[in-house]
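Bear in mind the structure is a predicted one, so any value in this text is a computation, not a measurement.
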Amino acid sequence: MRAQSGDWLVIEAGDESRHARRGRIEQVRSAQGAPPYLVRWLDTGRTTLVFPGPDAHVLTAVELERIEATVTARCAAVQAEIGARYRR
């Protein structure tokens with residue numbers, strides 16, 4: 001795993017008792033971009049030192065924006081379809 005400051009760390013939900021988490025990588029402590037990372041979590045606003053496990057991955061800001069745009073477009077399409085069905 002390699003990252004740089006400004007990238008996003010995503011930890012996927014391993015089961016139903018945990019939720020996925022996303023945080024902005026504030027600091028990378030190795031020159032090669034390897035963990036640990038200082039991460040500011042979106043859900044709590046806290047900054048913690050993280051040694052990511054196998055359920056984690058890094059996204060660049062561009063990758064995250066692309067994913068969010070895709071999800072937004074899908075949601076809009078579903079909402080439009082639901083609206084069209086109720087107007088019939």
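Hydrophobic clustering, with ILVMFWY side chains joined whenever heavy atoms are under 4.5 angstrom apart, groups Met1 together with Val28. Residues Val50 and Val10 do not share a hydrophobic cluster, clusters being chains of Ile/Leu/Val/Met/Phe/Trp/Tyr side chains in contact below 4.5 Å. Note: the hydrophobic cluster containing Ile11 does not contain Leu59 (ILVMFWY, side chain heavy atoms under 4.5 Å, direct or indirect links). Following chains of ILVMFWY side-chain contacts shorter than 4.5 Å, one cannot reach Phe51 starting from Ile25, and the two form parts of different hydrophobic clusters.
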Contacts table for residues 62-71: side-chain donor-acceptor under 3.5 angstrom, sequence neighbours left out:
unit_1	atom_1	unit_2	atom_2	d
Glu63	OE1	Thr60	N	2.8
Glu63	OE1	Thr60	OG1	3.4
Glu68	OE2	Arg22	NH1	3.0
Glu68	OE2	Arg22	NH2	3.3
Thr70	OG1	Arg66	O	3.0

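Residues Leu9 and Ala56 approach most closely at CD1-CB, 4.1 Å, considering heavy atoms. Closest of all the heavy-atom pairs between Pro35 and Pro52 is CB-CD, 3.6 Å.
Not counting sequence neighbours, the partners of Arg29 by the side-chain hydrogen bond (donor to acceptor under 3.5 Å, both in side chains) test are Gln27.
For residues 33-46, every residue pair satisfying the side-chain hydrogen bond (donor to acceptor under 3.5 Å, both in side chains) rule, not counting sequence neighbours, is listed here: His19-Asp43, Arg21-Asp43, Arg40-Thr47, Trp41-Thr48. Annotation: side-chain hydrogen bond (donor to acceptor under 3.5 Å, both in side chains) contacts involving residues 1-11, sequence neighbours excluded, are absent.
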